[in-house]
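Note that the structure is predicted; figures quoted are calculated from it, not measured. Heads up: numbering here begins at 1 and tracks the sequence.
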Amino acid sequence: MLLLTIIAVCSIAAAAGCSGGGPKNAPEARPSDVAGSTRSSWAGTDPAPAIPTGVTWFNVPKPLTLAELKGRMVLLDFWTLGCINCQHIIPDLKRLEAEFGDSLVVIGVHSGKYATEHDDDSIRDAIKRYGLEHPVINDPDFAVWNTFGANAWPTLVLIDPAGNLVGGHAGEGVYPLFQPILQSLRAEFSANGKLKPAPLTLTLDSAPATAVLSYPGKALADAASNRLYIADSGNNRILVASLTGELQKAIGAGAEGFADGAANEALFRQPQGLALSPDGRTLYVADTRNHAIRAVDTTTFAVKTVAGTGRQLDRLPKDGPPAREAAMASPWDVVAIGNTLYVTMAGIHQLWAMDLEKGTVSVLAGTSREGIDDGDRRKVATLAQPSGITTDGETLYWVDPESSSVRELRIGGQDVETLTGTGLFDYGASDGPARQARLQHAQGIAYDDGALYIADTYNHRIRVLDLVAKQVGTAAGSTRGWADGVAGAAMLDEPGGLSAAGGKLYIADTNNQLIRVFDPATGQLSTLTLTNLAAIQTGVPGRVTRVDLPAVTVSSAATAIRVTLTSPGDYHLNASAPSKLSFASSNPAVIEPGEQAVSFNSDEPSVTIPIPARLGEGSADLTVTASIYYCRTGAEALCFIGQFELHLPVTVSSGASAGEVALAYELPPA
């Protein structure tokens, strides 16, 4: 078992790694004094151990070995999908990958903290949600973790092009620490001829279609305005709908970014929590990956930033700074009471309060150390990645996913108290007295009629905590999946947030890419059908699937292109929004489409679109870019947007018999 040297850096962010521990036999790491070193070589001397076999690999066609990766630098990233600090370093990893190209291979090693995080399906969804385009290993038994001596999430281990260990680092601050070391290694191994960069074959799990929603994180239902606000996190936007599902508006252009402006101009980065001002005129958005709070005018839908700088904080704030000058760390949820906006600051394990009149922020609770200590809100209490937050008007209630707990703080009070949860590594799915009940990485919470409803994320359930009886029960859900029904017959997939209005709960069923509705009176869980899709078309592209079709030969006398699109069995096209086709030719002298783009609306199983064309002898590639809306028959709430590039090689010959260019494609099941 290997004992790693840790590269030390001085930074709040770097020191704030998720709780370590993992397997009890994981070795303690030794800090060293190499930070700021001017040493001439970072090359290692001890060979790296082999990566254990028998683990699932993602994004590559076959398992990799360090032996076959010699000639390239390898950076192992030990992570667990629910860890906020692991999420924080993803931009650093992507930046390093872009800078060092084929000279560097990042391998994510997912050594999951929670039982649900050991599932291949959970990891696959996390890879898509976080946009990871490097190899990832599922390490559920901590075999790779133990082999390389990881001690916390995240831990990074660097291996040089000769296959020798350079060292490791636990925590954040990854780019500024590793960039100069990688730069030095690249120069050294280029000079001695041992750096042999080569492209790595990847097989990204590119879904052929994406749901109308993309990993929705939170939902906010408002009976007074008959509106449902949805944090369409994967599409970087907020959707506005009626409580019956009729879509009305998309707020945000869809691309990742940080910009204020009109609804179709503003940019978000994976927004999460939502809250309305008491007068309903302002929607506050926890713009999580932008480390900011945004405000949306609920009449004009214009967006402005009211707190945060767009950069992650690197030191604890002083009390009372102007909100626009205060750096934040992954604000996850918000709730407004009077002139105060309360924010769960997941990335620094604190609650913050924003004075909406003065425009200032302050720390409300949490020492910034991760834990589950009760007591004085500023001096003693420790939180663990606080996420969903709610209130009854007198008390704040929130969930701490990393301790699978429900916490409370009376507004104006001094002490944080725990209602459910006992420790950073204590979790389960048991009902009963609140102090004995167990949750698993719960991320959402809503107060309604004397009870707290909890999105028990990793248990795929909706739980209920009776505040009078202090009892926890299960309202709906059982195992991972999708099924409407009553109580345990219903199924969800990592629900992330929920909101109460009109006697019903509206649930962001994150990995199912849906909004679900739960009726506590009947115990029935149903799926909300989103209609009027045309209202939210903002050019959100999703992932495009390239399809290479068999070549065709046609007569030079042909005058048309005929495109036939067919939905798979048990699906049909969806007329709620226009599907679109655009045409391009690699050689217009051979084939020139008479139209550049067409749109159509259809609820039929298939559609045929004729397009006039001018043809001349020779060969060319016809590219049809298709954006197609289609649904599962009998389950119309499960609708999808397929983004395809259809490539058809065409040969035009005077001796051919075919009288038109026929392009036929059957849409894949989603």
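Taking 4.5 Å as the limit, some side-chain heavy atom of Thr116 sits within range of a side-chain heavy atom of Arg480. Looking only at side-chain heavy atoms (C-beta outward), Asp484 and Arg516 come within less than 4.5 Å of each other. Between Ser214 and Asp232, some side-chain heavy-atom pair lies under the 4.5 Å cut-off. Inter-residue side-chain proximity for Ile628 and Phe600 is flagged as met; some heavy-atom pair is nearer than 4.5 Å. No side-chain heavy atom of Val109 sits under 4.5 Å from any side-chain heavy atom of Val157.
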Got a list of side-chain donor-acceptor pairs under 3.5 Å for residues 50-57, not counting sequence neighbours?
| from | atom 1 | to | atom 2 | distance (Å) |
| --- | --- | --- | --- | --- |
| Thr56 | OG1 | Asp120 | OD2 | 3.4 |

Listing, residues 549-566 side-chain donor-acceptor contacts under 3.5 Å, not counting sequence neighbours, or none:
| from | atom 1 | to | atom 2 | distance (Å) |
| --- | --- | --- | --- | --- |
| Ser555 | OG | Ala557 | N | 3.0 |
| Arg562 | NE | Glu660 | OE1 | 3.0 |
| Arg562 | NE | Glu660 | OE2 | 3.1 |
| Thr564 | OG1 | Thr608 | OG1 | 3.2 |

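In this structure, Gln87 contributes its side chain and Leu81 its backbone to a donor-acceptor pair below 3.5 Å. Under a 3.5 Å cut-off, the side chain of Asp102 and the backbone N or O of Pro197 do not form any donor-acceptor pair. Judged by distance alone, with hydrogens and angles left aside, the side-chain atoms of Asn290 form a donor-acceptor pair with the main-chain N or O of Gly257 at under 3.5 Å. Proximity of a side-chain donor or acceptor of Asp603 to a complementary backbone N or O of Ala575 within less than 3.5 Å is detected. With Asn59 contributing its side chain and His134 its backbone, the two residues share a donor-acceptor pair below 3.5 Å. Checking side-chain atoms of Asn574 against main-chain N and O of Ser576 turns up a donor-acceptor pair under 3.5 Å. Using modelled atom types, one side-chain atom of Thr457 and one backbone atom of Pro495 make a donor-acceptor pair closer than 3.5 Å. Side chain of Asn512 to backbone of Gly481: a donor-acceptor contact under 3.5 angstrom is found. The backbone N or O of Pro180 sits nowhere less than 3.5 Å from a side-chain atom of Ser184 that would complete a donor-acceptor pair. Asn192 contributes a side-chain N or O that, together with a main-chain N or O of Lys194, makes up a donor-acceptor pair within less than 3.5 Å.
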Could you walk me through whether Arg95 and Gln179 pass the side chain to side chain donor-acceptor pair (under 3.5 Å) check? CA-CA 9 Å; Arg95 187 177 176 188; Gln179 192 277 344; over 6 Å; no

Could you give me the CA-CA distance, side-chain angles and deciding distance for Arg129 and Asn511, then say whether side chain to side chain donor-acceptor pair (under 3.5 Å) is met? CA-CA 9 Å; Arg129 189 160 63 243; Asn511 283 358; 3.0 Å; yes

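Counting non-hydrogen atoms of neighbouring residues, nucleotides and ligands closer than 6.0 angstrom, the CG atom of Asp570 reaches no more than 12 such neighbours.
Between Ala508 and Pro216, the shortest heavy-atom distance links the atoms CB-O, 3.7 Å. Shown here for Glu595 and Pro612, the closest heavy-atom pair between the two residues is OE2-CD, 4.1 Å. Listed here is the closest heavy atom pair of Tyr630 and Pro668: OH-O, 2.8 Å. Across all their heavy atoms, Leu195 and Ser103 have their closest contact at CD2-OG, 3.9 Å.
Applying the side chain to side chain contact (heavy atoms under 4.5 Å, CB included) test to Glu68 and every residue at least two apart in sequence or in another chain returns Lys62, Leu64, Thr65.
When only modelled atom types and interatomic distance are considered, Gln272 and Thr288 share no side-chain donor-acceptor pair under 3.5 Å. Arg294 and Thr305 share a donor-acceptor pair across their side chains, judged by distance under 3.5 Å alone.
Put simply, CG on Asp297 and CD1 on Ile251 are 9.5 Å apart, with the number rounded to the nearest 0.5 Å. Atom CE in Met491 sits 5.0 Å away from atom OG in Ser478 (nearest 0.5 Å).
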